[in-house]
Amino acid sequence: MSHLIAPSILSADFANLQRDLEMINKSEADWVHVDIMDGMFVPNISFGFPVVHAANKHSTKPLDVHLMIVDPDRYLKAFKDAGAANITVHIEACTHLHRTIQTIRDLGCSAGVALNPHTPVAALEDIIADIDLVALMSVNPGFGGQKFIHNTYKKIKELKKLAEYNNPGLFIEIDGGVDITNAAKLVDAGANVLVAGNSVFSSPNQLSAVAGLKHAHLMHKA
Ligand code: DX5
Ligand code: ZN
């Protein structure tokens with residue numbers, strides 16, 4: 001299976017969200033990445049349920065919801081009801097991660113766990129078999145358009161190894177600073193979902209920016 005592309009609407013034009021979602025619908029993107037920030041877990045506030053609900057109404061692709069919020073258990077059902085297909089919580093924000101994952105799955109969503117750049121992959125050892133996705137943060141979460149952190153390559157390899165026997169179908173998602181200069185290398189290292197905000201939405205040709213990320217691996221091999 002080729003890797004998946006999830007454009008992040010954090011970098012969309014919120015006054016033209018329907019237009020930007022229609023671009024994603026038309027593109028080779030696989031998911032729509034939806035960043036929720038609470039001003040507590042991260043030093044920024046993005047948007048809430050009405051926007052997720054509206055995005056879901058206009059998207060033909062599954063919503064990949066990334067919760068950068070403290071104590072996400074409070075809102076899991078509300079995000080499911082707003083249209084989330086995948087719900088990813090931060091390991092640093094969950095006291096009872098196993099229970100949180102179970103709740104997400106009981107709601108019928110895919111369950112993801114995100115790791116901040118400083119959190120070691122080994123912290124996933126006792127949960128890896130129970131989750132659908134790991135989001136490796138390749139920037140410190142909170143803002144779009146930041147510089148990619150190089151140590152991510154090492155973490156992808158460690159995660160691939162950790163998942164090899166216990167969860168070979170795991171989605172290994174990379175979030176932050178992904179663009180055409182690192183996409184192929186990330187896929188080579190073992191990533192199979194690339195999130196991209198700034199590199200897609202700041203492009204003069206957003207459809208070809210998505211296509212470039214989707215086919216980066218092939219172009220790299222050719
Ligand atoms: C960062 C968010 C990312 C962000 C990625 O806190 O979790 O999903 O939208 O944006 P870029 O691709 O611009 O780094
Ligand atoms: Zn994100």
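Note that this is a predicted model, so its numbers are computed, not measured. Position 1 is the first residue of the sequence; numbering continues from there. Every number for a ligand or one of its atoms is a count from 1 in the order of the listing.
With respect to atom 1 (C) of ligand 1, the closest heavy atom belonging to the protein is Phe143 O, 3.5 Å. Regarding atom 12 (O) of ligand 1, its nearest protein heavy-atom neighbour is Gly197 N, 2.8 Å. Nearest protein heavy-atom contact of atom 14 (O) of ligand 1 is Gly177 N, 2.8 Å. Nearest non-hydrogen protein atom to atom 4 (C) of ligand 1 is Asp35 OD2, 3.5 Å. The single protein non-hydrogen atom nearest to atom 8 (O) of ligand 1 is Asp175 OD1, 2.6 Å, given as residue, atom name and distance. Residue, atom and distance of the protein heavy atom nearest to atom 11 (P) of ligand 1 are Gly145 N, 3.6 Å. Atom 10 (O) of ligand 1 has as its closest protein heavy atom Gly144 CA, 3.7 Å.
Contact atoms of ligand 1 toward Met68: 6 (O), 7 (O) (distance under 4.0 Å to a heavy atom of the residue). Interface of Pro141 with ligand 1, defined as ligand atoms under 4.0 Å from a residue heavy atom, comprises 6 (O). Within ligand 1, counting atoms from 1 as listed, the ones closer than 4.0 Å to a heavy atom of Leu10 are 9 (O). In the vicinity of Met37, heavy-atom distances shorter than 4.0 Å reach the ligand 1 atoms 6 (O). For ligand 1, the atoms lying closer than 4.0 Å to a non-hydrogen atom of His33 are 8 (O). Close approach of ligand 1 to His66 is summarised as follows: ligand atoms under 4.0 Å from at least one heavy atom of the residue are 7 (O). Of all atoms in ligand 1, listed by their number and element, those nearer than 4.0 Å to a heavy atom of Met137 are 7 (O). Interface atoms of ligand 1 facing Gly176, defined by a heavy-atom separation under 4.0 Å, are 14 (O).
Exactly one of Val34, Leu107, Ile36 qualifies for a side-chain contact (heavy atoms from CB on, under 4.5 Å) with Phe79. That residue is Ile36. Tested against Pro117, the residues Asn151, Thr152, Ile149 include a single side-chain contact (heavy atoms from CB on, under 4.5 Å) partner, Ile149. Under the side-chain contact (heavy atoms from CB on, under 4.5 Å) test applied with Leu63, the options Ile87, Val32, Asn86 reduce to a single match, Val32.
A donor and an acceptor atom, one from each side chain of Glu173 and His66, are nowhere located under 3.5 Å apart. With hydrogens and angles left out, the side-chain atoms of Glu92 and Thr119 include a donor and acceptor closer than 3.5 Å. A donor-acceptor contact closer than 3.5 angstrom links the side chains of His33 and Asp64. Judged purely by distance below 3.5 Å, without hydrogens or angles, the side chains of Asn25 and Thr60 pair a donor atom with an acceptor atom. Between the side chains of Ser203 and Asn205, no donor-acceptor pair is found at a separation under 3.5 Å.
At a 4.0 Å heavy-atom cut-off, ligand 1 touches Asn198 through backbone and side chain alike. Under 4.0 angstrom from ligand 1, the non-hydrogen atoms of Ala196 all belong to its backbone.
Going from atom CE of Met23 over to atom CZ of Arg19 covers 9.0 Å, rounded to the nearest 0.5 Å.
Between Met68 and Phe41 there is a side-chain heavy-atom pair separated by less than 4.5 Å.
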* Given side-chain hydrogen bond (donor to acceptor under 3.5 Å, both in side chains), test Ser46 with Asp35 step by step and report yes or no. => CA-CA 7 Å; Ser46 57; Asp35 286 311; over 6 Å; no
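In this structure, Gly142 has a heavy atom closer than 4.0 Å to ligand 1.
Considering backbone and side-chain N/O atoms, Asn140 never comes within less than 3.5 Å of an N/O atom of ligand 1.
Around the Zn ion (ligand 2), protein N, O or S atoms at a distance under 2.8 Å total 4; waters are neither shown nor counted.
Ionic pairing of Arg99 and Asp73 is not present here: no N-O contact between side-chain nitrogen and carboxylate oxygen is shorter than 4.0 angstrom. Checked for salt-bridge contact, Lys154 and Glu158 meet the test: a charged N lies under 4.0 Å from a carboxylate O.
In this structure, the side chain of Asp130 does not engage the main chain of Ala111 through any donor-acceptor pair within 3.5 Å.
Within 6.0 Å of OH on Tyr75 lie no more than 12 heavy atoms contributed by other residues, nucleotides or ligands.
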